[in-house]
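As structure tokens, the structure follows; a few thoughts come after it.
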Amino acid sequence: MLWRRLVLVALIIGPIVGLLAFGFTRDARYITSPLIAKPAAPFTITLFDGGKLTLEDLRGKAVFLNFWASWCPPCRAEARDLEAAWQKVKDKNMVFIGVALQDTDRNSLEFLKEFEVTYPNGKDASGKIAVEYGTWGIPESFFIDPQGRITYKHVGGIRAPLVLAKLEEAARGIVSAQEGKGDYQPIR
Amino acid sequence: MRVFSNDPQCLLSLIAAKTEIQSCPNNRGRGADSIFHSDLFVSPSHPLRGRGKGEGAVIGTLIIFLFLLVPSAIPAASPDLEEQTRSIAAELRCVVCQNLSVADSPSEMAQQMRAVVREQLQAGKTPEQVKEFFVSKYGEWVLLKPKTTGFSALLWILPYVVLVLGVITALWFIRRWARAKKFHALGVDSNEAARSELLKEDFARPDLEDSSPRAALLRERARLQDEIRELEFDFQSGKLSDSDRIEIKQEIEAKAAAVMEQLRALPPEAPPIEAAPRDTRKIDTRGSADRTRLRRWQIVTGGVFLMLFGLALGVMLTQSIRPRLSENDTMTGDFMTGTTAASGDLQGAMNEGKQAFARQEFPKAIEAFKKVLSADPDNPEAHSYMGYILLQAGHGDGALMAFDKALSQAPNLPMALWGKGMVLYQDKKDFASAREIFERLLSLVPPGEERNEIAKVLAEMPAGDQKRADSAPSAAAAAPSATAQVSGKITVDPKLKAKLDTNAALFIIARAAGTAAGPPLAVKKIDRPKFPLDYTLSQDNVMMQGTRLAGKITISVRLDKDGNPVTRGAGDLSGEYAKNPVEVGANSVDIVINQSTP
């Protein structure tokens, strides 16, 4: 009699506690971005060298789009890797674009100089491009195929081999179902 | 040359742990943070979230000031537009904060999002379209109020369903209680005789052979009495609830009443029921006393349960819900999932250790960090602090080991890099390696005071490796050690070039010829090697003091991904000298890295 009641109570309370535990232990931001496999938002950016770059003009090329800031340590950690990757693909039908976020021109330029970055970089002064790409952390990288579709998104620092692999996939129009996370350790 | 003190206060200025992650950060605040604080570095994908507590107030003031300025800076937007912007922003989640709306958040990102909302409204979009735009970019979680369609509809419906179910359950219980109460009131009158009869101690139990109707009825009465006793026993031993007891008892008593009725109808052979009103009353009183005691118990148990439940809830809520400390962190920490039961203690011990370290109470700090390491043996921060404590106590080797352990877990942890650099520089006088470490640190640290400090150390460091020159006089006694070295070039097989990890550490390992197990004779570690690499393995690299690098040795190399010489992981590359063993003193001992651990 008594145990039957206990089982009944457990059956009711169990799923509720389970649901709460599930919700509390998950970060909603890691729900896969709705942008993957969708057309990349068009934008025009003023580059640090004064030129202008429009994403639409890069149709037919695989594009690697990276959001960064000089004050962000993981951006610094990945900077050399990105440049190394760029050096490997710059003669192929691929383009790298760096977008500086929430940064001053002076610091951004120093950063580019320090890490000898040669691919085109500009700044998103209004933050509009960042919003268009659903950015919530940096560095954040997007891979866009020649048809202008986002094939992969990576939140956090990224290494050269992954950049090259995902660029190859983007060039062939292969979409990754999961977005990537940077190599980091949780604070304790 | 400037002398860098091992004084922890001096070190503290560089590793001061003064940052605490706030729930809603402002992105620009970090410039003034101590970048050596591991929190910022070990969580690299967390760039929009940290803010120093110290300057928090200043930034807060600045933000308020900016807020005061902003409205006047916006060219006279209509109040309607502003109101509409605000109301939409209030429904959007600030993507860099915890549970703050875009309207309420002071972060730069939220400001930019508000600007986007305003702009889209000006362009003629409806509020629904604006919200849809943000959902298309960030997903539905950007809405503070989930949608009422699709799967999210459950969130809206479920509470009402639960409420209705709760009301139904409550009503059901109340009805049951009311019925039980009513029975209590009625039962005393209607079945009083039966009850008093059944509770009587000495019942006549006629022989089974007696087949008269009276005997059969008396046997039935006795059986019912047994049943009642069993029922009471079951209730006392907790197998039965009160309401069930009452229900069953009612049935038995009804049966007993019927039996007694029949008995009464029989011709009076011997008076079956002795008039015992006093007894009955006595027994009845006992029954009601039992009930009162029982009810009191119920109230006390219920009260205690409620109190414990409240306490547990209070403790759980306060302990479990907190701002996320890192990207991987959750609002409940590991409290709900219980993966690291001691994580709260761990954080406490860590803080205790840091504070003790800051007060220079090293024994206490060691205790605390040991506690952290016993629960989490790989904690890079605790290893780093241990390193600093060992360093100031003059144990350079131990310190180096601690920093290496920290770096094997978090290769970019600035405080560990700084510590290792300092050990190599001051204690080991290995300027080349120290330079390498400081240069790596320099590349990780954003411009600022700390970066200048590192640059200064680098500038003041003597060029090259003066170690041999420094230790020459003492080494003079051991004359053979001057030639006790092996040198050559290390290259990588072109087939393995793709697998090369630029962050891996290279170990050059020498073993006495013919031994394959046990500790090697000498090991040299080179962080982030660049191939082709010229190397020299000398007496300075022997593992145990007192042993000499001499005779025939076998030389091998391993490019280790995790930098931990003990573990052999997938992706590690290795190679050995083709003509092993080799005599110490040989040059051109060239090695090709041509094997890969699958």
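A note on names: the letters A, B, ... follow the listed sequences, proteins ahead of strands, and every chain is numbered from 1.
Using a 4.5 Å cut-off on side-chain heavy atoms (C-beta onward), B:K239 and A:W3 make no contact. Two residues are said to be in side-chain contact when any heavy atoms from C-beta on lie closer than 4.5 Å; B:K137 and A:E132 meet this criterion. Using a 4.5 Å heavy-atom cutoff, the side chains of B:S241 and A:R5 are in contact.
A:E110 and B:P447 get closest at one heavy-atom pair: OE1-CG, 4.0 Å. Closest approach of A:P34 to B:G139, counting heavy atoms only: CG-N, 3.3 Å.
Interatomic distance, CD of B:Q112 versus OG1 of A:T135, reported as 10.0 Å (0.5 Å rounding). We find the CG-CG distance between A:L19 and B:L154 to be 9.5 Å, quoted to the nearest 0.5 Å.
For a heavy-atom cut-off of 4.5 Å, chain B lies close to no residue in residues 85-99 of chain A.
A:F115 pairs by the ring-ring contact (aromatic ring centres under 6.0 Å, His included) definition with A:F111, not counting sequence neighbours.
For B:S443, the parts sitting under 4.5 Å from any heavy atom of chain A are the backbone and the side chain alike. Only the backbone of B:L442 has a heavy atom closer than 4.5 Å to any heavy atom of chain A. Heavy-atom distances place no part of B:V162 under 4.5 Å from chain A, backbone and side chain included. Only the side chain of B:E119 has a heavy atom closer than 4.5 Å to any heavy atom of chain A.
The main-chain N or O of A:S33 is never found under 3.5 Å from a side-chain atom of B:Y138 such that the two would form a donor-acceptor pair.
For chain B, the option among A:G127, A:S70, A:A69, A:G134 with the highest count of heavy-atom pairs below 4.5 Å is A:G134. Per-residue heavy-atom pair counts under 4.5 Å with chain B were compared for A:I16, A:L35, A:N107, and the maximum is reached by A:L35. No other option in A:A84, A:A77, A:A41, A:S126 has as many heavy-atom pairs under 4.5 Å with chain B as A:S126.
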